[in-house]
Amino acid sequence: METYASPPAPSPQDRTRLMPAMARGFLNRCPHCGEGHVFGRFLKVRPACEACGLEMEGHRADDLPPYLVIFLVGHIVGYLVLEIEMGYDVPLWISLTVWPLLTLVLALGLLQPVKGAVIGLQYTFGMHGFGKAPPARGGTGTGERRGSEAGRRAGDAPRLGSV
């Protein structure tokens, strides 16, 4: 009779990978567990996840989300303005109404998701307030560490570049 070993329990320092963590943040979910919410109000980050207890109050998203939103909205609206104005004879009052309104709606609609994605990025790399090991996930994941992260201690965060 063969017995199969169950996968090892995840270690406390096991972090979610970059893309899933950023996608969870983009969708206003905890980058660690994907269950709790990141934001309590429009741009106010909760002190901790209500599902897994990940502390989020020390994050430092600062100016990156608005810069990214300005970059995205500027390219989207700029392209649309160029295409519409060059291809059609649009009355001035429509241009003065539609383009600022579209810019405002896109900027406000993207600001919270982009900030959540930046928080997911910071969580993955252990930046700013995410330097401590996250709480252990119950029963999910394999607990394996990949690449240069294999021999790290529990409190160490992955680093960028060479040391």
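This one's a predicted model, so the numbers in the text were calculated from it and none came from an experiment.
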Arg29 (side chain) donor-acceptor with Arg24 (main chain) under 3.5 angstrom: no
Can you pull the ring-ring contact (aromatic ring centres under 6.0 Å, His included) pairs that have at least one residue in residues 62-84, sequence neighbours excluded? Phe71-His75
Measure the spacing between OH of Tyr123 and CG of Leu18 and express it to the nearest 0.5 Å. 11.5 Å
My understanding is that a hydrophobic cluster links ILVMFWY residues whose side chain heavy atoms are under 4.5 Å apart, including indirect links. Using that, what else belongs to the cluster containing Leu104? Leu108
So, for Gly36 and Glu50, which heavy atoms are closest and what is the spacing to 0.1 Å? CA-OE2, 3.5 Å
How many angstroms lie between CG in Leu54 and CD in Glu35, if you round to the nearest 0.5 Å? 13.5 Å
Candidate pair Leu43 and Gln112, rule side chain to side chain contact (heavy atoms under 4.5 Å, CB included), full reasoning: CA-CA 6 Å; Leu43 292 176; Gln112 185 184 38; 4.2 Å; yes
Is the shortest heavy-atom distance from the side chain of Val118 to the side chain of Leu68 under 4.5 Å? yes
For the side chain of Thr16 and the backbone of Ala21, is there at least one donor-acceptor N/O pair under 3.5 Å apart? no
Side chain to side chain contact (heavy atoms under 4.5 Å, CB included) evaluation trace for Phe39 with Lys44: CA-CA 6 Å; Phe39 299 102; Lys44 180 73 173 170; 6.0 Å; no
Are Val81 and Leu110 connected, step by step, through hydrophobic side chains (Ile, Leu, Val, Met, Phe, Trp, Tyr) whose heavy atoms are closer than 4.5 Å? yes
Can you confirm whether the side chains of His37 and Arg46 place a donor and an acceptor under 3.5 Å from each other? no
Within this structure, what is the CD1-CG distance for the pair Ile119 and Asn28, rounded to the nearest 0.5 Å? 9.0 Å
Nearest 0.5 angstrom please: Leu106 CG to Ile70 CD1, how far? 13.0 Å
Are any non-hydrogen side-chain atoms of Cys49 and Met56 less than 4.5 angstrom apart? yes
How about Pro31 and Val38: do any of their side-chain heavy atoms sit closer than 4.5 Å? yes
Hphob cluster co-occupancy, Leu82 + Ile76, side-chain heavy atoms under 4.5 angstrom: no
Please answer: with hydrophobic residues joined when any side-chain heavy atoms are less than 4.5 Å apart, are Leu64 and Phe42 in the same cluster? yes
Within the side chain of Glu55, is there an N or O that forms a donor-acceptor pair under 3.5 Å with the backbone of Pro47? no
Do Met22 and Thr124 come within less than 4.5 Å of each other through their side chains, counting heavy atoms only? no
Applying a strict under-4.5 Å side-chain criterion to I, L, V, M, F, W and Y, I'd like to know whether Phe125 and Phe26 cluster together. no
So, do Lys115 and Val69 sit near enough that their side-chain heavy atoms are less than 4.5 Å apart? no
Of all heavy-atom pairs between Ala61 and Pro65, which one has the smallest distance, and what is that distance? O-CD, 3.3 Å
Any side-chain heavy atom of Glu85 within less than 4.5 Å of one from Val90? yes
Please answer: with hydrophobic residues joined when any side-chain heavy atoms are less than 4.5 Å apart, are Trp93 and Leu102 in the same cluster? yes
